[in-house]
Visitor: 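Right, I'll just put the structure down here and ask away after.
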Amino acid sequence: MAGTEARTPRERYRAQVRAEVKERAWEQLATAGASALSLNAIAKHMGMTGPALYRYFASRDELITELVRDAYRSLADACLAARAAGAGPAGLAHALRAWAVADPQRYFLIYGTPVPGYHAPDDITAIAREIMTTLLDACAELPVADPAGPFDGHLADHRDWVGGHPAPPAVLHRALTFWSRLHGVLSLELAGHFDGMGFSPESFYEAELTDLCRPGREAGPSAQSGAESGAESGTAS
């Protein structure tokens, strides 16, 4: 992309208006949620007419796409930076929580309730896959001690979601367990479901992370029953 200095005044103005529209959209999301996002309301707030604003974003879905793309790109960059600094699964988990807590509405836009009728384009799916790839790479560095269970066999034949990543099923399973458990805690915390319960959500997140990082793979009930029968213990998911 050409630098700002190479843009014409008209291009600079267009970029400024689009940036302000997105800023107003984030404000609207914080108060009403993505399903209530309205270009006409944003236009009114900016002192513009609805038709004038549609010259910058052709539809609500186009605006949502920009916001979703920005959110995924921001998280992917945070994860990539953490990996470049040597982070393993725990470091990625800390990067995820810091990113989410800094802007809960941004988090919920991509990990909350899907916007009715909206379908993200393929390039956003590719950015989301970057995030999972960093987690798969990090999980591949951890030792795997638990025997393979039925779900590992299932993953061996259902791996389109990894985009060609060579990780074996045990690593796929471990990455999914990290992903689901940590997002579960984060989603509950950011939605306020822990409010009034008297404990620290951050401490709970750290406890889950410690559990996830124990030697062995988190494989759910099959690993749990194996531990109870005297096999090497894994962490229950």
Visitor: Taking only Lys NZ, Arg NE, NH1 and NH2, and the carboxylate oxygens of Asp or Glu, determine whether K22 and D70 approach each other closer than 4.0 Å.
Guide: yes

Visitor: Quick check for you: to the nearest 0.5 Å, what is the distance between L37 atom CG and Y118 atom OH?
Guide: 11.0 Å

Visitor: Please report the interatomic distance CG(D211) to CZ(R181), rounded to the nearest 0.5 Å.
Guide: 4.5 Å

Visitor: Establish, yes or no, whether a centroid distance under 6.0 Å links the rings of F151 and H158.
Guide: no

Visitor: Between the main-chain N or O of S38 and the side-chain N or O of Q28, is there a donor-acceptor pair closer than 3.5 Å?
Guide: yes

Visitor: Take E189 and E202 through the side chain to side chain contact (heavy atoms under 4.5 Å, CB included) test and state the conclusion after the steps.
Guide: CA-CA 9 Å; E189 175 188 357; E202 183 176 5; 5.6 Å; no

Visitor: Give a yes or no on this: more than 12 heavy atoms of other residues, nucleotides or ligands lie within 6.0 Å of atom CH2 of W179.
Guide: no

Visitor: Output, in order, the C-alpha distance, side-chain angles, deciding distance and verdict of side chain to side chain contact (heavy atoms under 4.5 Å, CB included) for Y111 and L75.
Guide: CA-CA 12 Å; Y111 291 117; L75 178 55; 3.6 Å; yes

Visitor: For R24 and E27, what are the C-alpha separation, side-chain angles and deciding distance, and is it a salt bridge (charged side-chain N to carboxylate O under 4.0 Å, His left out)?
Guide: CA-CA 5 Å; R24 301 305 176 193; E27 293 173 356; 3.2 Å; yes

Visitor: Quick check: closest heavy atoms across A175 and C139, and the distance to 0.1 Å?
Guide: CA-SG, 3.8 Å

Visitor: Between H154 (side chain only) and P150 (backbone N and O only), is there a donor and an acceptor less than 3.5 Å apart?
Guide: no

Visitor: So, do Y54 and N40 sit near enough that their side-chain heavy atoms are less than 4.5 Å apart?
Guide: yes

Visitor: Looking only at non-hydrogen atoms, find the nearest pair between W26 and L109 and report the distance.
Guide: CH2-CD2, 3.5 Å

Visitor: For the side chain of T134 and the backbone of I131, is there at least one donor-acceptor N/O pair under 3.5 Å apart?
Guide: yes

Visitor: Nearest 0.5 Å, please: how far is NZ in K44 from CG in L39?
Guide: 15.0 Å

Visitor: Are V21 and M48 close enough that some pair of their side-chain heavy atoms sits under 4.5 Å apart?
Guide: no

Visitor: With rounding to the nearest 0.5 Å, note down the distance linking OG1 in T177 to CG in L172.
Guide: 10.5 Å

Visitor: What distance do R97 atom CZ and E206 atom CD have between them, rounded to the nearest 0.5 Å?
Guide: 8.0 Å

Visitor: May I ask you to decide if R7's main-chain N or O and R12's side chain share a donor-acceptor pair within less than 3.5 Å?
Guide: yes

Visitor: Is it the case that the side chains of Y107 and H183 hold a donor-acceptor pair, with the cut-off being a distance below 3.5 Å and no angle test?
Guide: yes

Visitor: Within the distance-only criterion (no hydrogens, no angle test), does the side chain of R174 pair as donor or acceptor with the backbone N or O of L212 below 3.5 angstrom?
Guide: yes

Visitor: Without swapping roles, check the side chain of D152 against the backbone of G149 for a donor-acceptor pair under 3.5 Å.
Guide: yes

Visitor: Run the side chain to side chain contact (heavy atoms under 4.5 Å, CB included) check on I42 and L63 step by step: do they pass?
Guide: CA-CA 11 Å; I42 293 172; L63 175 56; 3.8 Å; yes

Visitor: Is it the case that over 12 heavy atoms from other parts of the model lie below 6.0 angstrom from the OH atom of Y13?
Guide: no

Visitor: List the atom of L190, the atom of A100, and the distance in Å for their closest heavy-atom pair.
Guide: CD1-CB, 3.8 Å

Visitor: A138 and G88: which non-hydrogen atoms are nearest, and at how many Å?
Guide: CB-C, 3.8 Å

Visitor: Salt bridge check: are R18 and E62 linked by an N-O gap of less than 4.0 Å?
Guide: yes

Visitor: For a 4.5 angstrom cut-off between non-hydrogen side-chain atoms, does L29 reach F108?
Guide: no

Visitor: State whether the side chain of R159 and the backbone N or O of H165 hold a donor-acceptor pair below 3.5 Å, judged by distance alone.
Guide: yes

Visitor: Minimum heavy-atom separation for R60 and P116, please, with both atom names.
Guide: NH2-O, 3.9 Å

Visitor: Between E66 and R69, is there a salt bridge with N-O shorter than 4.0 Å?
Guide: yes

Visitor: Report yes if some heavy atom in the side chain of W161 is under 4.5 Å from a heavy atom in the side chain of L176; otherwise report no.
Guide: yes

Visitor: How long is the gap from CG on L186 to CH2 on W99, to the nearest 0.5 Å?
Guide: 10.0 Å

Visitor: For A93, does its backbone N or O pair with a side-chain atom of Y205 as donor and acceptor, under 3.5 Å?
Guide: yes

Visitor: Which atom pair, heavy atoms only, marks the closest approach of A140 to V171?
Guide: N-CG1, 3.8 Å

Visitor: If you group Ile, Leu, Val, Met, Phe, Trp and Tyr by side-chain heavy-atom gaps below 4.5 Å, do L80 and L136 land in one group?
Guide: no

Visitor: For the residue pair H119 and D61, confirm or rule out a side-chain donor-acceptor distance under 3.5 Å.
Guide: no

Visitor: Report yes if some heavy atom in the side chain of M132 is under 4.5 Å from a heavy atom in the side chain of L135; otherwise report no.
Guide: yes

